[in-house]
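To start, the structure under review is shown below, and the notes come after it.
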Amino acid sequence: MDAREVILDKYSGRVFKNRKDHIVELDEAGVPKEIAANSRSVPGMMINRGCCYAGCKGVVLGPLRDTVVITHGPIGCGYYTWGTRRNKADSPDGRNFVQYCFSTDMQETDIVFGGMKKLRQAIREAVEIFHPKAVMICSTCPIGLIGDDINAVATESEKLYGITCVAYSCEGYKGVSQSAGHHIANNGLMRRVIGSAKDKIPERGLRINILGEYNIGGDGWEEERILKKIGYEIVAVFTGDGSYEALTHAHTADLNLVQCHRSINYIAEMMKTKYNIDWLKVNFVGIDETIRTLREIADYFGNEEIKQRTEEVIAEELADIAEDRKFYRQKLEGKTAGVFVGGSRSHHYQNVLKDFGMKTVIAGYEFAHRDDYEGREVIPNIKLDADSKNIEQLTVHPDEQFYHVALDKERFDELRKENVELEYYKGMFKDMGDGTIVVDDFNHYETEKVLDIFKPDIFYSGIKDKYMIEKKGFPSNQLHSYDYSGPYAGFKGAIVFARNTYLSIYAPAWKMLTPPWRTQPTLEGTMGDENYA
Amino acid sequence: MDAREVILDKYSGRVFKNRKDHIVELDEAGVPKEIAANSRSVPGMMINRGCCYAGCKGVVLGPLRDTVVITHGPIGCGYYTWGTRRNKADSPDGRNFVQYCFSTDMQETDIVFGGMKKLRQAIREAVEIFHPKAVMICSTCPIGLIGDDINAVATESEKLYGITCVAYSCEGYKGVSQSAGHHIANNGLMRRVIGSAKDKIPERGLRINILGEYNIGGDGWEEERILKKIGYEIVAVFTGDGSYEALTHAHTADLNLVQCHRSINYIAEMMKTKYNIDWLKVNFVGIDETIRTLREIADYFGNEEIKQRTEEVIAEELADIAEDRKFYRQKLEGKTAGVFVGGSRSHHYQNVLKDFGMKTVIAGYEFAHRDDYEGREVIPNIKLDADSKNIEQLTVHPDEQFYHVALDKERFDELRKENVELEYYKGMFKDMGDGTIVVDDFNHYETEKVLDIFKPDIFYSGIKDKYMIEKKGFPSNQLHSYDYSGPYAGFKGAIVFARNTYLSIYAPAWKMLTPPWRTQPTLEGTMGDENYA
Amino acid sequence: MLDMTPKELVHRKALRVNPAKTCQPVGAMYAALGVHRCMPHSHGSQGCCSYHRTFLARHFKEPAIATTSSFSEGACVFGGGSNLKKAVKNIFDIYDPDIIAVHTTCLSETIGDDLKTLIQQMEIPEGKIVVHTNTPSYVGSHINGFANMMTGFIKYLSDKNTPATGKVGIFPGFVNPGDMHELKRIAKMIGVKYTMFPDTDGTMNSALTGHYEMYPKGGTTVDEIRELGGAQHVLALGEITSVTPAMELKRKCDVDFSSLPLPIGVEATDKYVMALSHLSKREVPTELEEERGQLLDIMIDSHAYYGDKRVAIAGDPDTVLGFAAFCLELGMKPKYMITGTPDEKFTKKAKELLLKYGVTDCIAKANTDLFELHQLIKNEPVDLLIGGTHCKYIARAEDVPFVRAGFPILDRYVHPYMPLVGYRGAMRLAELISNALLDRQDRDAEDKDFELVM
Amino acid sequence: MLDMTPKELVHRKALRVNPAKTCQPVGAMYAALGVHRCMPHSHGSQGCCSYHRTFLARHFKEPAIATTSSFSEGACVFGGGSNLKKAVKNIFDIYDPDIIAVHTTCLSETIGDDLKTLIQQMEIPEGKIVVHTNTPSYVGSHINGFANMMTGFIKYLSDKNTPATGKVGIFPGFVNPGDMHELKRIAKMIGVKYTMFPDTDGTMNSALTGHYEMYPKGGTTVDEIRELGGAQHVLALGEITSVTPAMELKRKCDVDFSSLPLPIGVEATDKYVMALSHLSKREVPTELEEERGQLLDIMIDSHAYYGDKRVAIAGDPDTVLGFAAFCLELGMKPKYMITGTPDEKFTKKAKELLLKYGVTDCIAKANTDLFELHQLIKNEPVDLLIGGTHCKYIARAEDVPFVRAGFPILDRYVHPYMPLVGYRGAMRLAELISNALLDRQDRDAEDKDFELVM
């Protein structure tokens with residue numbers, strides 16, 4: 001039995017039928033394979049997925065620092081998304097709502113009689129106490145069922161208080177994972193926030209947005225540091241250390257960089273349609289990938305000065321990390337890894353592992369779509385199931401006032417030919433191969449199985465898996481929270497990542513798991529220890 | 001049997017003979033009684049006394065902040081006097097040696113071959129590393145026996161390094177307690193430090209020295225605060241937060257205040273003889289006593305402005321503490337206390353207890369002399385025993401150059417008639433009476449006994465007793481270290497003291513000493529608690 | 001830090017800011033994790049289960065197993081029965097627990113899934129069990145969820161017809177595995193035969209050996225829960241948490257119970273010890289009395305540092321009451337006692353406690369949040385703050401010494417192993433509190449006042 | 001703070017500044033306090049006894065009973081015999097111990113009092129015992145005093161002719177009562193019959209009851225020390241502290257011993273457990289293995305915070321070695337290991353340990369002081385400092401996170417009850433260390449980097 005069969009072996013009937021298409025063995029890099037993805041999880045499987053609300057409020061909207069995001073529902077959902085995702089934010093003026101949790105804390109009577117009154121009052125209180133520029137409302141599961149019209153409340157509040165108020169119907173049961181929530185958040189931002197400042201489009205320059213960067217552990221700051229050092233101007237970040245204010249100006253950028261393709265590609269596409277802003281799939285995770293990314297951005301702008309500055313910065317940054325890079329490479333070379341997270345990271349992190357000579361032998365996504373595995377070329381072939389169809393597909397049209405001058409077609413095609421990922425994402429598969437296994441929507445059982453089979457030197461996943469993996473004797477680092485370290489992006493981030501990997505693999509305690517009395521005779525014989533005088 | 005007999009009852013033979021004269025029952029206040037004091041302790045009695053070194057280095061010299069005091073001997077003695085007495089010191093220039101411990105850490109070879117070489121080298125190193133103005137050497141037990149000539153080393157070092165270097169032969173076995181060490185330290189300071197700056201005596205003003213104030217818990221600072229507020233100028237404090245530098249100018253003062261009579265009366269007397277500086281026994285412990293003290297100082301100077309200022313300050317300070325004073329008086333009124341410490345405190349603290357309506361029912365000194373109990377009038381009658389005779393009696397003579405203008409004889413006598421303690425200390429007995437018991441050089445057994453007999457609400461002693469007393473169920477506060485609180489002196493200090501007393505007596509834990517199963521039936525019956533549903 | 005929090009108190013009727021509670025299901029999950037070979041199952045959207053597992057993993061630094069019905073929009077329309085049925089089959093197939101403990105969520109409650117009927121109708125493998133409880137997130141808090149899950153187990157399992165076991169049922173309340181371990185140690189010392197229910201000692205503090213066991217040795221067994229029906233008596237620890245399940249057992253199996261405070265501090269531990277001694281008709285052993293005396297020794301030795309210090313305590317109702325009781329025993333003065341759990345019994349119990357110690361100016365409030373606590377502290381400061389990790393933001397903003405105690409503690413290690421109950425637990429609490437106060441004194445001291453001996 | 005300490009290292013040959021040791025007699029006093037109904041007696045000036053009692057009382061927050069010969073100048077001239085004789089009579093008369101344990105001081109040693117003869121010549125009441133040891137303050141440190149007092153007891157009491165008791169002698173080293181309690185708990189768990197000698201668990205951590213007992217229940221009894229002569233084997237814990245008395249017992253009564261490190265950390269505890277298991281021919285019980293696994297779980301959970309952190313450790317030789325071993329097990333790098341005790345065995349053991357973990361840049365030094373440590377830190381800083389209270393001045397001066405561990409701790413409470421030995425002790429140590437590091441991270445974090453989950 002090959003690995004895939006071993007994993008599937010325990011499953012019977014329906015589960016087998018379902019899961020077999022989510023588990024793919026790759027033969028060699030680049031060979032196209034189809035994988036089932038973005039479909040309903042099998043109930044009872046102890047999966048790692050969250051819900052629509054988690055994608056909308058937890059991931060995309062939560063990081064906005066100048067916005068009061070009110071969770072409309074019982075207390076739990078708001079509580080769990082309070083300070084837990086490490087989307088760092090810094091408001092020089094102290095107006096930082098990321099440290100706060102706002103909720104309507106719905107009670108039984110609100111469920112019975114409807115929660116709109118309470119929501120209205122909550123917004124009033126938020127405005128009176130906090131004077132935010134924008135209030136956003138995120139619904140949790142029961143809201144849809146009891147029929148609260150949160151859009152009406154939002155509209156009404158806008159009028160009453162003269163602020164922006166956006167409602168998101170991101171009830172947890174929508175879609176099949178966080179992914180639906182990303183989409184809903186993207187739609188709301190596109191519809192109500194992006195470009196709403198309506199400022200004129202300046203002359204073509206070096207203005208960029210970073211999309212799909214949530215500043216976990218300060219990743220966004222590290223990327224900004226490098227980009228600014230080269231000479232780029234950052235208009236808005238979606239949404240790490242982001243602000244409602246900056247997003248209203250996002251339409252003025254010349255280029256959108258897309259870091260997390262999965263969570264934000266909707267906005268990238270819509271902004272292309274509406275404003276003709278090109279987007280480029282980038283990756284700041286990994287040294288070589290950061291270099292590639294920086295060069296592609298410079299290529300995109302085609303500005304010689306920037307190209308030169310890019311090379312200078314790359315050289316400087318590489319010099320800074322040279323010693324550490326060498327040390328960690330030496331320590332990590334040849335180690336194997338499993339990478340199981342999110343919707344883009346499992347791909348990104350294979351690159352930084354490669355930087356240090358490590359091989360990813362197993363990987364998987366929690367909530368990715370087929371294009372995240374197979375590349376955007378499969379998008380036309382993806383059949384939406386009922387769960388995904390229910391998520392609104394926002395249609396945008398070219399905005400006459402704010403339509404951009406874009407890259408000329410010829411250069412665009414030229415860049416594409418050079419494999420620059422303009423309006424394109426190649427997916428994870430093309431960077432894997434050699435008998436590696438990819439598992440979509442991996443569950444606890446499968447995680448145990450791949451560990452047993454592949455025995456990787458380290459397994460990257462999230463907190464729900466982490467302690468189980470460690471109990472089995474494998475180092476496990478979290479790629480959601482970076483184990484409270486970071487940044488992991490950019491040159492310096494790669495070193496931080498390597499250091500954490502090194503510390504985890506080499507933690508002395510691993511050598512002590514077996515008590516000596518399990519391997520040495522205790523019940524007989526003399527005391528053989530040299531210490532016994 | 002009266003209390004005294006009960007205490008003595010267990011003793012047989014020699015011990016009885018010895019101890020009976022150290023335990024006195026007072027009939028009524030002021031009635032003269034003779035007590036045996038400042039004599040050898042009975043071996044094996046678990047006493048609270050320390051040694052000569054403790055009195056010299058630990059008490060008098062240790063607090064000098066600008067002086068390197070080198071303990072010459074094995075490591076222990078230096079170690080135990082390092083930061084343990086709470087003689088606070090503050091050097092604005094950071095040159096604060098009070099945080100340090102210096103020792104020659106004598107080893108066996110040094111004992112065998114003599115320690116002078118090591119001492120010389122230690123002084124050299126101290127000078128090279130720390131550049132002190134003055135170095136003082138304190139001998140510990142073996143030094144006297146092995147015959148190290150520390151005076152010779154000191155003299156030699158003075159020449160070599162151009163600093164002041166004073167040697168104190170304060171071996172632990174000298175005398176019968178710390179008291180011998182005070183005397184030795186007093187002699188050394190008088191001989192080598194006081195007046196050594198040889199500055200001219202200014203016109204008669206309001207310049208005072210505070211003697212016998214070691215700034216435990218900041219007492220000295222609180223006294224200085226009040227005195228300065230009134231308008232006095234402090235020349236030198238002996239020796240709390242004191243400095244070699246200040247002491248060299250001490251001869252320029254107009255009046256010496258003596259707080260701890262026991263430890264410093266030698267210097268007060270010698271300065272009277274040498275410089276004609278009057279001394280006044282003061283007491284800043286207790287509200288009424290502080291008032292009395294301030295008024296007597298003002299009376300001494302006879303300056304109307306100062307008298308008026310004194311009354312103003314008293315009024316201000318009293319107003320500040322009025323509320324707290326009332327609260328603690330209410331809580332403490334009628335409580336009884338035992339006070340067993342040092343050589344002056346057992347008397348001083350009875351006054352602050354009185355302020356709050358508390359009665360001292362038992363008291364005693366560790367290392368006092370008869371005059372501390374009975375008043376200085378008994379000094380002519382005190383017979384020195386061998387142990388005390390061995391301590392040098394320094395003879396000083398009037399110093400022609402620095403002899404002071406003093407109070408005229410008439411006024412002096414007038415003040416004495418008004419019971420101002422000029423050149424006089426009345427002793428503890430006169431403030432006691434009513435069947436109270438006084439124990440000199442009290443020991444562990446006697447402490448237990450007086451607790452059993454008198455059952456005071458609180459017992460003030462030191463750390464060696466404290467935990468035993470608490471085990472017996474009595475609150476016990478330390479009057480050496482103030483339980484790491486303070487200051488206890490002055491108006492505000494009285495409140496701090498009262499607060500600590502209040503907290504100790506009222507600590508809720510006292511009510512819980514007996515487990516409920518010792519008083520309530522557990523082995524039978526129903527569960528009667530109202531909590532049992 | 002928390003710069004947007006104004007000093008001025010504004011009465012809020014609708015907006016919850018920085019809550020001091022979370023929702024029922026996570027409590028239910030934790031309770032179920034204290035049952036041997038049990039798989040907690042979240043009947044709702046995937047997010048609930050994911051959040052709860054994450055949350056428990058972060059507090060305990062342990063795997064928190066649980067499964068979900070993975071509701072989709074379809075399930076909302078047609079009910080979650082089909083999802084539950086599939087889940088139960090898959091769980092038994094793949095993860096092979098002895099028992100599945102289903103709790104509901106706001107979603108399945110709003111839909112109105114009839115769990116009892118659903119479970120009755122489903123195929124359950126021979127020898128396996130499925131139980132459920134209702135834990136609507138919009139009622140009460142995680143504390144109620146914990147109690148409700150216990151009640152659920154009792155309803156399904158506890159058997160009135162069990163012959164008398166002579167055992168004492170001990171309901172530990174929502175506490176750490178280390179606390180449960182300590183409660184058992186005390187019971188063992190007295191020689192009481194007991195059933196601890198639930199019991200996460202052994203499940204949520206298991207060893208690292210290189211071999212993962214999904215169901216470690218610990219946890220109350222199904223048989224033990226069954227036999228609770230024949231228990232001599234139940235000690236329901238935590239006057240808010242444990243009464244509901246104790247009443248259910250009384251109702252169903254006529255087992256008497258005593259409602260006791262969580263054994264935090266001297267008197268509450270005394271009550272626990274006395275009750276065990278009463279029930280077992282065994283004397284309190286010397287060793288335990290010795291621990292009690294050691295605790296008192298510590299309290300007296302260090303009393304001066306606590307005297308009249310004002311303390312703010314936030315957290316779950318029974319733990320807040322317990323910490324407050326011990327603070328009072330130490331001589332401190334609770335200034336604020338707050339819980340997010342909406343239960344006025346908390347306020348009542350707090351007032352009784354404060355009255356006993358003559359403390360009149362303490363604000364004790366249920367159903368409130370950390371935002372209000374912060375505002376209160378801004379208006380009248382405290383000398384110490386005791387609570388879970390979320391309180392550290394307030395501690396930083398207001399520069400208040402902070403003791404992490406209660407649930408959740410997300411930012412430190414080892415704490416779940418270390419009991420706060422019992423005399424030994426109170427020693428730890430005294431150490432935590434005195435260290436916090438003394439560390440602050442050291443930090444704030446000028447060089448000249450920096451003390452070697454304290 | 002410590003502003004007079006220059007960065008520049010100056011070689012000192014004579015001046016000791018800020019010592020990291022004290023003198024022998026206090027160690028002897030502590031050892032004698034671990035014997036049941038024993039009165040420690042200081043044969044020297046009054047100050048010694050007063051200082052030692054004070055010092056022990058300040059660390060343990062307990063009464064430390066001891067008497068003194070109260071040397072006067074006369075005694076120095078004529079010898080201390082008469083004083084000792086009087087003292088012994090008075091002690092038995094007034095304080096009624098079963099045994100008086102005399103230790104010398106620098107004074108009586110310099111005079112040359114022949115204690116053995118003095119004791120032989122004195123009248124000792126029927127059934128009472130006087131023993132002695134020589135503890136010249138100018139040799140070694142308090143650690144040697146502790147060992148020498150043990151040796152003194154053995155010399156006087158241990159009886160070669162005792163029939164084999166089947167017991168294991170456990171010499172715990174100079175540790176806290178809480179440590180001794182834990183060492184006994186482990187031995188009990190394994191089912192070993194033991195004699196702990198000395199044993200301050202019960203004497204220096206006794207209960208507050210309102211009734212003072214000069215001689216509480218605890219301590220090794222005279223009979224137990226006698227019967228050490230028939231022990232199966234001795235485990236001498238602390239490779240510097242406990243070897244001397246173990247060798248004396250071997251010499252006198254031919255009892256074999258094993259010299260083991262203090263059981264601090266995983267491997268050292270393993271050795272202790274293995275030795276007990278070997279000797280008793282009993283398997284290591286599951287519960288103990290579970291504790292070990294829990295410790296490892298904690299170590300792995302929190303490993304990222306220790307990684308490569310440089311740590312300075314100061315204190316007594318065996319505890320410094322123990323703390324260093326556990327720091328290495330956690331993944332930290334000892335940068336300085338210093339003790340004031342002059343014993344090069346410390347340096348040798350330190351080097352072996354460091355070599356095992358490939359640490360090459362650690363300065364391990366015996367016979368040095370905290371002044372030198374401070375200078376070293378000024379030149380190459382560390383991330384953490386572990387030591388007794390005196391180290392807090394350095395921690396403050398250099399703003400280094402500080403863990404109080406070892407002897408003496410004069411400024412905090414509860415610590416003597418809390419073991420650092422054994423797996424449970426290592427958990428506490430891990431908590432102390434991780435809290436110190438995490439507290440510092442919190443303190444130094446900017447608002448934007450202040451983490452909720454860690």
Side-chain angles (χ1 to χ4, degrees), chain A residues 10 12 15 40-51 53-54 73-76 79-80 94-97 99-108 110-111 118 121-122 125-126 128-130 141-142 145-146 172-174 176-177 386-387 390 445 463-464 467-468 470-473 513-514, chain C residues 1-4 6 10 12-19 21-23 25-26 44-48 50-51 53-55 57-58 61-63 65-76 83 86-88 90-91 93-95 105-107 110-111 136-139 208-212 393:
Chain A
K10 189 171 192 172
S12 59
V15 177
R40 283 187 202 172
S41 297
V42 179
M45 292 302 287
M46 222 192 312
I47 51 174
N48 273 4
R49 281 179 170 179
C51 64
Y53 167 85
I75 197 64
Y79 185 79
Y80 299 120
R95 295 189 60 80
N96 190 339
F97 291 114
Q99 294 154 8
Y100 291 81
C101 166
F102 305 98
S103 168
T104 53
D105 190 8
M106 296 273 278
Q107 298 298 303
E108 189 151 31
D110 305 317
I111 297 292
K118 194 170 197 187
Q121 175 65 18
E125 289 169 6
E128 281 176 6
I129 299 172
F130 300 104
C141 287
L145 297 180
I146 65 175
Y173 53 76
K174 289 191 174 163
V176 301
S177 72
D387 296 306
N390 284 343
Y445 163 73
I463 188 76
K464 295 193 292 288
Y467 298 115
M468 171 272 276
E470 287 183 351
K471 295 268 190 228
K472 286 178 81 75
L513 295 198
T514 309
Chain C
M1 186 48 59
L2 298 176
D3 295 333
M4 302 301 296
V10 178
R12 283 171 289 137
K13 289 188 293 184
L15 188 67
R16 178 69 70 210
V17 187
N18 299 352
K21 66 167 177 188
T22 179
C23 59
V26 73
S45 296
Q46 284 164 184
C48 311
S50 175
Y51 281 137
R53 291 179 62 206
T54 295
F55 188 61
R58 281 176 169 160
K61 320 289 181 196
E62 286 288 315
I65 54 166
T67 50
T68 168
S69 292
S70 290
F71 270 51
S72 63
E73 270 192 275
C76 296
N83 286 46
K86 283 182 207 156
V88 165
N90 291 334
I91 294 163
D93 275 4
I94 314 289
Y95 300 116
T105 60
C106 49
L107 178 56
T110 305
I111 294 170
S137 310
Y138 45 74
V139 175
L208 182 66
T209 59
H211 308 283
Y212 170 65
Y393 290 83

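Quick note on labels: first sequence line is chain A, next is B, and so on, each numbered from 1. The figures here come from the full heavy-atom set of this structure, side chains too, leaving out hydrogens, waters and symmetry mates.
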**Message:** Pair Arg53(C), Met46(A) - check side chain to side chain contact (heavy atoms under 4.5 Å, CB included), show working.
**Reply:** CA-CA 10 Å; Arg53(C) 291 179 62 206; Met46(A) 222 192 312; 3.5 Å; yes
**Prompt:** Can you tell me how far the CG atom of Asp3(C) sits from the CZ atom of Phe97(A), to the nearest 0.5 Å?
**Reply:** 11.0 Å
Could you check if a side-chain atom of [X] sits within less than 4.5 angstrom of a side-chain atom of [Y], using non-hydrogen atoms only?
X         : Y         : answer
Tyr445(A) : Asn90(C)  : no
Tyr80(A)  : Ser50(C)  : no
Leu145(A) : Leu107(C) : yes
Asp105(A) : Pro19(C)  : no

Return the minimal non-hydrogen interatomic distance between [X] and [Y], and the atom names on each side.
X         : Y         : answer
Glu470(A) : Leu208(C) : O-CD1, 2.8 Å
Met45(A)  : Tyr95(C)  : O-OH, 2.6 Å
Tyr79(A)  : Thr22(C)  : CD2-CB, 3.3 Å
Cys141(A) : Ser45(C)  : SG-OG, 3.0 Å
Met4(C)   : Tyr100(A) : N-OH, 3.1 Å
Ile75(A)  : Cys23(C)  : CG2-N, 3.8 Å

Heavy-atom pairs under 4.5 Å with chain C: which of [options] has the most?
options                                    : result
Cys101(A), Cys51(A), Ser12(A), Ser41(A)    : Cys101(A)
Lys118(A), Lys464(A), Met106(A), Lys472(A) : Lys464(A)
Pro74(A), Pro43(A), Ser177(A), Gly473(A)   : Pro43(A)
Lys174(A), Gln107(A), Glu128(A), Lys10(A)  : Gln107(A)
Gly76(A), Gly172(A), Gly73(A), Ser103(A)   : Ser103(A)

Give, as side chain, backbone, both or neither, the part of [X] having an atom under 4.5 angstrom from any heavy atom of chain C.
X         : value
Asn48(A)  : both
Arg49(A)  : both
Val176(A) : backbone
Ile463(A) : both
Thr514(A) : neither

**Message:** Closer than 3.5 angstrom, by distance alone: can the side chain of Glu125(A) be matched with the main-chain N or O of Arg12(C) as a donor-acceptor pair?
**Reply:**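 Side chain of Glu125(A) to backbone of Arg12(C), a donor-acceptor pair under 3.5 Å: no, none is there.
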Option that, when pairs with chain A are counted at under 4.5 Å, heavy atom only, ranks first among [options]:
options                                  : value
Leu15(C), Asp93(C), Thr68(C), Val10(C)   : Leu15(C)
Ser70(C), Gly210(C), Cys106(C), Ala75(C) : Gly210(C)
Pro63(C), Gly47(C), Ser137(C)            : Pro63(C)
Gln46(C), Met1(C), Lys13(C)              : Gln46(C)
Ile91(C), Thr67(C), Asn18(C)             : Asn18(C)
Ala57(C), Cys48(C), Ser72(C)             : Ser72(C)

Considering only heavy atoms, which portion of [X] lies under 4.5 Å from any heavy atom of chain A: side chain, backbone, both, or neither?
X        : answer
Pro6(C)  : side chain
Val17(C) : both
Ser69(C) : backbone
Phe55(C) : side chain

**Request:** Go through the structure and list residues passing ring pair (Phe, Tyr, Trp, His ring centres under 6.0 Å) with Tyr138(C), not counting sequence neighbours.
**Result:**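 By the ring pair (Phe, Tyr, Trp, His ring centres under 6.0 Å) rule, Tyr138(C) matches no residue at all.
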**Request:** Using the test ring pair (Phe, Tyr, Trp, His ring centres under 6.0 Å), find all partners of Tyr467(A) that sit at least two apart in sequence or belong to another chain.
**Result:** none
